[in-house]
Amino acid sequence: MRTWVGPTAPERLKILRETKVIAIVGASDKPSRASYFVATYLLSSTRYKVYFVNPVVKTILGQPVYASLADLPETPDLVEVFRKHDDLPGVLDEAKAVGAKTIWLQLGSWHEGVAADAEAAGMKVVMDRCVKIEHARFHGGLHLAGFNTGVISSKRQTLA
């Protein structure tokens, strides 16, 4: 049962506006993975400095990958997490140790204990939301009907 209530849309926008450095924990070098898709978007369509954290991968999208948050050359403002449920408390501990301001759990990821512990430590928390989708929504890349493709056509779209 979910009891934690996350930040409102204006509060999420404020988090994204205040963020300058994002660390993606659980980043993957596999193009089929959501973290890779999010990383591609963040690098190509935002002003954020993005770091990747994964102890078994050396590079992603031509950038170095760090084994832990403690190994990053600077403190991330936002730690975006692509890890399984049981790993979330450990990721929070690392995020708190390096002084991150926000922990953001990806779509499908929810952990009431992590949210409570993070907020008690003065951190902001977002759960079960995608940074890419939220950024695109707030910056004109996502509309009620879906992603903005930039294609304007009078032709009726056929369903395949």
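The first residue of the sequence shown is numbered 1, and numbering continues consecutively from there.
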Next on the checklist: Taking side-chain contact (heavy atoms from CB on, under 4.5 Å) as the definition, give me every residue that meets it alongside T75, ordered by chain and number, with sequence neighbours left out.
Outcome noted: none
Next on the checklist: Going by salt bridge (Lys or Arg N to Asp or Glu O under 4.0 Å), name the residues that satisfy it together with E18, two or more places apart in sequence or in a different chain.
Outcome noted: K14, K124
Next on the checklist: Just verifying a value: how many Å separate F52 CZ and E80 CD, rounded to the nearest 0.5 Å?
Outcome noted: 10.5 Å
Next on the checklist: The criterion is salt bridge (Lys or Arg N to Asp or Glu O under 4.0 Å); which residues satisfy it with D71, sequence neighbours excluded?
Outcome noted: none
Next on the checklist: Would D117 and K96 count as a salt bridge (charged side-chain N to carboxylate O under 4.0 Å, His left out) here? Give the steps.
Outcome noted: CA-CA 10 Å; D117 290 350; K96 288 191 301 189; 5.4 Å; no
Give every donor-acceptor pair under 3.5 Å between a side-chain atom in residues 20-38 and any protein atom, sequence neighbours left out.
{"residue": "S28", "atom": "OG", "partner": "K30", "partner atom": "N", "Å": "3.0"}
{"residue": "S35", "atom": "OG", "partner": "S28", "partner atom": "N", "Å": "3.0"}

Item to check | Parallel, tilted or perpendicular, as decided by the 30° and 60° cut-offs, for the rings of H111 and H85 | outcome: parallel
Item to check | Separation between CG of N54 and OG1 of T59, rounded to the nearest 0.5 Å | outcome: 11.0 Å
Item to check | By salt bridge (Lys or Arg N to Asp or Glu O under 4.0 Å) - contacts of R17 (at least two apart) | outcome: none
Checklist entry - Say you draw a straight line from CG of L107 to CZ of F82; how long is it, rounded to the nearest 0.5 Å? => result 8.0 Å
Side-chain atoms of residues 3-12: list all donor-acceptor pairs with protein atoms under 3.5 Å, sequence neighbours left out, distances to 0.1 Å.
{"residue": "T3", "atom": "OG1", "partner": "E112", "partner atom": "OE1", "Å": "2.8"}
{"residue": "W4", "atom": "NE1", "partner": "E119", "partner atom": "OE1", "Å": "3.4"}
{"residue": "W4", "atom": "NE1", "partner": "E119", "partner atom": "OE2", "Å": "3.0"}
{"residue": "T8", "atom": "OG1", "partner": "E11", "partner atom": "N", "Å": "3.3"}
{"residue": "T8", "atom": "OG1", "partner": "E11", "partner atom": "OE1", "Å": "3.3"}
{"residue": "E11", "atom": "OE1", "partner": "T8", "partner atom": "N", "Å": "2.7"}
{"residue": "R12", "atom": "NE", "partner": "E134", "partner atom": "OE1", "Å": "2.6"}
{"residue": "R12", "atom": "NH1", "partner": "P7", "partner atom": "O", "Å": "2.7"}
{"residue": "R12", "atom": "NH2", "partner": "E134", "partner atom": "OE1", "Å": "3.3"}

Checklist entry - If we only count heavy atoms from C-beta on, is the V79 to T102 side-chain gap below 4.5 Å? => result no
